[in-house]
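Note sheet for the following structure.
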Amino acid sequence: MIFKCASSGSSGNCYSLTYDGKVLLLDAGVPLPEIKQLVNWKVGDITGCFVTHEHNDHSKSADKLRNMGIPVFEPYNGGKQKFSRDGWKLYAFPVPHDGVECRATYIECPGGHKMLYMTDLSYCKYKFTNQKINTLLIECNYIEMEEDNESKKNHVFRGHMSLKTCKEFIKVNQTEELKNVILCHLSAENCDEHEALRQVQEVVGDNVKVFIAKKGVEINLDE
């Protein structure tokens with residue numbers, strides 16, 4: 001299974017998972033042409049799109065995808081919390097994001113790969129050791145806050161995951177089946193990607209690969 005990143009961060013978030021010619025999109029917070037480029041212009045291969053919450057950097061092109069006939073899964077709107085199509089199975093669950101309804105998702109991929117996608121959350125109260133996750137796509141937004149604006153600082157604290165909290169979640173949920181950790185939604189101002197990668201690698205050990213999600217990144221999750 002191939003993971004690709006169109007963008008990750010406050011300017012926009014959009015990722016793709018591709019297996020056997022079918023593409024699942026995770027968030028649609030970039031312009032439609034960038035999504036088309038992400039899937040090599042093969043829009044007909046998109047089996048669906050999961051959107052975490054209403055903020056524009058995650059939902060920007062959701063309506064345009066829907067108008068093209070692509071199923072858009074928006075469980076934060078109070079609808080169904082499960083999505084199943086072409087062998088993909090998604091199970092959404094609530095996560096705290098500064099008072100805004102937001103969902104993360106557990107994904108059972110065609111071929112048996114198991115994955116968690118968690119972004120724009122301050123913490124996660126759920127445990128997933130029984131699911132034996134293979135890949136974790138998780139927010140690591142900030143290490144230290146150097147923000148003078150108290151309102152913005154409080155928004156970050158209440159709605160985004162710190163490196164410390166990210167590491168604690170990984171420690172609690174890591175099993176022998178974990179093979180990949182992808183850190184996403186890093187703050188350009190408050191997170192040093194090299195330091196975040198180093199510290200998470202120390203937590204997971206040498207048998208797990210750690211990556212940073214940023215524009216143009218492509219990862220074979222089954223290697």
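The chain is numbered in sequence order, starting from 1.
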**Asked** Stepwise, does the side chain to side chain contact (heavy atoms under 4.5 Å, CB included) test hold for Val204 with Ile170?
**Response** CA-CA 8 Å; Val204 297; Ile170 295 171; 3.5 Å; yes
**Side-chain donor or acceptor of Thr175 paired with backbone N/O of Lys132 under 3.5 Å** = no
**Request:** Work out which heavy atom in Gly29 is nearest to a heavy atom in Cys14; give both atom names and the distance.
**Result:** N-CB, 4.4 Å
**Asked** Should Leu65 and Leu25 be marked as a side chain to side chain contact (heavy atoms under 4.5 Å, CB included) after you check the CA-CA gap, both sets of side-chain angles, and the distance that decides it?
**Response** CA-CA 10 Å; Leu65 291 173; Leu25 295 177; 3.9 Å; yes
**Prompt:** Do Leu183 and Ile143 belong to the same hydrophobic cluster, where Ile, Leu, Val, Met, Phe, Trp and Tyr are linked whenever their side-chain heavy atoms lie under 4.5 Å apart, directly or via other members?
**Reply:** yes
**Message:** Against Arg198, only a single residue in His194, Gln201, Glu202 fulfils side-chain hydrogen bond (donor to acceptor under 3.5 Å, both in side chains); can you say which?
**Reply:** Glu202
**Message:** Would a single hydrophobic cluster contain both Val23 and Val72, if residues Ile, Leu, Val, Met, Phe, Trp and Tyr are joined by side-chain heavy-atom contacts under 4.5 Å?
**Reply:** yes
**Prompt:** Would a distance-only check, ignoring hydrogens and angles, find a side-chain to backbone donor-acceptor pair under 3.5 Å from Asn134 to Glu177?
**Reply:** yes
**Message:** What's the separation between atom CG in Asp45 and atom CG in Leu24, rounded to the nearest 0.5 Å?
**Reply:** 12.5 Å
**Request:** Look at the side-chain heavy atoms of Ile, Leu, Val, Met, Phe, Trp and Tyr, link any pair under 4.5 Å apart, and say whether Leu137 and Tyr142 land in one connected group.
**Result:** no
**Message:** Tell me if a side-chain donor or acceptor on Thr105 pairs with a main-chain N or O of Ile107 at a distance below 3.5 Å.
**Reply:** no
**Asked** Quick one: are Glu74 and Glu54 in side-chain contact, heavy atoms under 4.5 Å?
**Response** no
**Request:** Grab the two heavy atoms, one from Phe83 and one from Pro71, that are nearest each other, plus how far apart they are.
**Result:** CE1-CB, 4.0 Å
**Asked** What are the two closest non-hydrogen atoms of Ala213 and Ser8, and how far apart are they?
**Response** O-CB, 3.5 Å
**Message:** Quick one, Cys49 and Phe73 - any side-chain contact, counting heavy atoms below 4.5 Å?
**Reply:** no
**Request:** Working to the nearest 0.5 Å, report the span between CZ of Arg103 and CZ of Phe50.
**Result:** 9.0 Å
**Message:** Any non-hydrogen side-chain atom of Phe211 less than 4.5 Å from a side-chain atom of Lys209?
**Reply:** yes
**Request:** Report yes if the side chains of Leu178 and Asn173 come closer than 4.5 Å at any heavy-atom pair, otherwise no.
**Result:** no
**Prompt:** How long is the gap from CG on Leu163 to CG on Asp192, to the nearest 0.5 Å?
**Reply:** 10.0 Å
**Nearest-0.5 Å distance, OG of residue Ser16 to CE of residue Met1** = 10.0 Å
**Request:** For Asn207, look at atom CG and say whether over 12 heavy atoms of other residues, nucleotides or ligands are found less than 6.0 Å away.
**Result:** no
**Message:** Can you confirm whether the side chains of Tyr76 and Thr52 place a donor and an acceptor under 3.5 Å from each other?
**Reply:** no
**Request:** Ignoring hydrogens and angles, tell me if any N or O in the side chain of Ser162 forms a donor-acceptor pair with the backbone of Thr165 under 3.5 Å.
**Result:** yes
**Rounded distance (nearest 0.5 Å) linking atom CG of Leu32 with atom OG of Ser61** = 5.5 Å
**Asked** Salt bridge or not for Lys214 and Glu193, using N-O below 4.0 Å?
**Response** yes
**Asked** Any chain of hydrophobic side-chain contacts (each under 4.5 Å) joining Ile46 to Tyr19?
**Response** no
**Prompt:** Honestly curious: do Met68 and Val39 fall in one hydrophobic cluster under the side-chain, below-4.5 Å linking rule?
**Reply:** yes
Per-pair distances, 0.1 Å, donor-acceptor, side chain in residues 84-93, under 3.5 Å, sequence neighbours excluded:
| unit_1 | atom_1 | unit_2 | atom_2 | d |
| --- | --- | --- | --- | --- |
| Arg85 | NE | Thr47 | O | 2.9 |
| Asp86 | OD2 | Thr47 | OG1 | 2.4 |

**Request:** Taking the side chain as every heavy atom from C-beta outward, state whether Val181 and Val208 have any atom pair closer than 4.5 Å.
**Result:** yes
**Request:** Mind running side chain to side chain contact (heavy atoms under 4.5 Å, CB included) on Ile182 and Ile219 for me, showing each step along the way?
**Result:** CA-CA 10 Å; Ile182 307 171; Ile219 306 166; 4.0 Å; yes
**Spatial distance of atom CG (Asp57) from atom OG (Ser7) [nearest 0.5 Å]** = 9.0 Å
**Asked** Is there a side-chain contact between Lys4 and Leu38, using heavy atoms and a 4.5 Å cut-off?
**Response** yes
**Asked** Just wondering, do Ile133 and Tyr106 contact through their side chains at under 4.5 Å, heavy atoms?
**Response** yes
**Prompt:** Can Phe3 and Asn180 be said to form a side chain to side chain contact (heavy atoms under 4.5 Å, CB included), step by step?
**Reply:** CA-CA 11 Å; Phe3 167 88; Asn180 310 287; over 6 Å; no
**Message:** Strictly below 4.0 Å, N to O, side chains only: are Glu168 and Lys171 in salt-bridge contact?
**Reply:** no
**Item:** Gln81 side-chain N/O to Gly79 backbone N/O, donor-acceptor pair under 3.5 Å
**Value:** yes
**Item:** Partners passing side chain to side chain contact (heavy atoms under 4.5 Å, CB included) against Lys80 (at least two apart in sequence or in another chain)
**Value:** none
Please table the atom pairs, donor to acceptor, closer than 3.5 Å between any side-chain atom in residues 111-121 and protein atoms at least two apart or in another chain.
| unit_1 | atom_1 | unit_2 | atom_2 | d |
| --- | --- | --- | --- | --- |
| His113 | ND1 | Asp222 | OD1 | 3.2 |
| His113 | NE2 | Thr135 | OG1 | 2.7 |
| Tyr117 | OH | Asp27 | OD2 | 2.6 |
| Thr119 | OG1 | Glu139 | OE1 | 3.2 |
| Asp120 | OD1 | His58 | NE2 | 3.0 |
| Asp120 | OD1 | His185 | NE2 | 3.2 |
| Asp120 | OD2 | His53 | NE2 | 3.4 |
| Asp120 | OD2 | His58 | NE2 | 3.3 |
| Asp120 | OD2 | His97 | NE2 | 3.3 |

**Item:** Residue pair Cys184 / Ile138, side-chain heavy-atom distance below 4.5 Å
**Value:** no
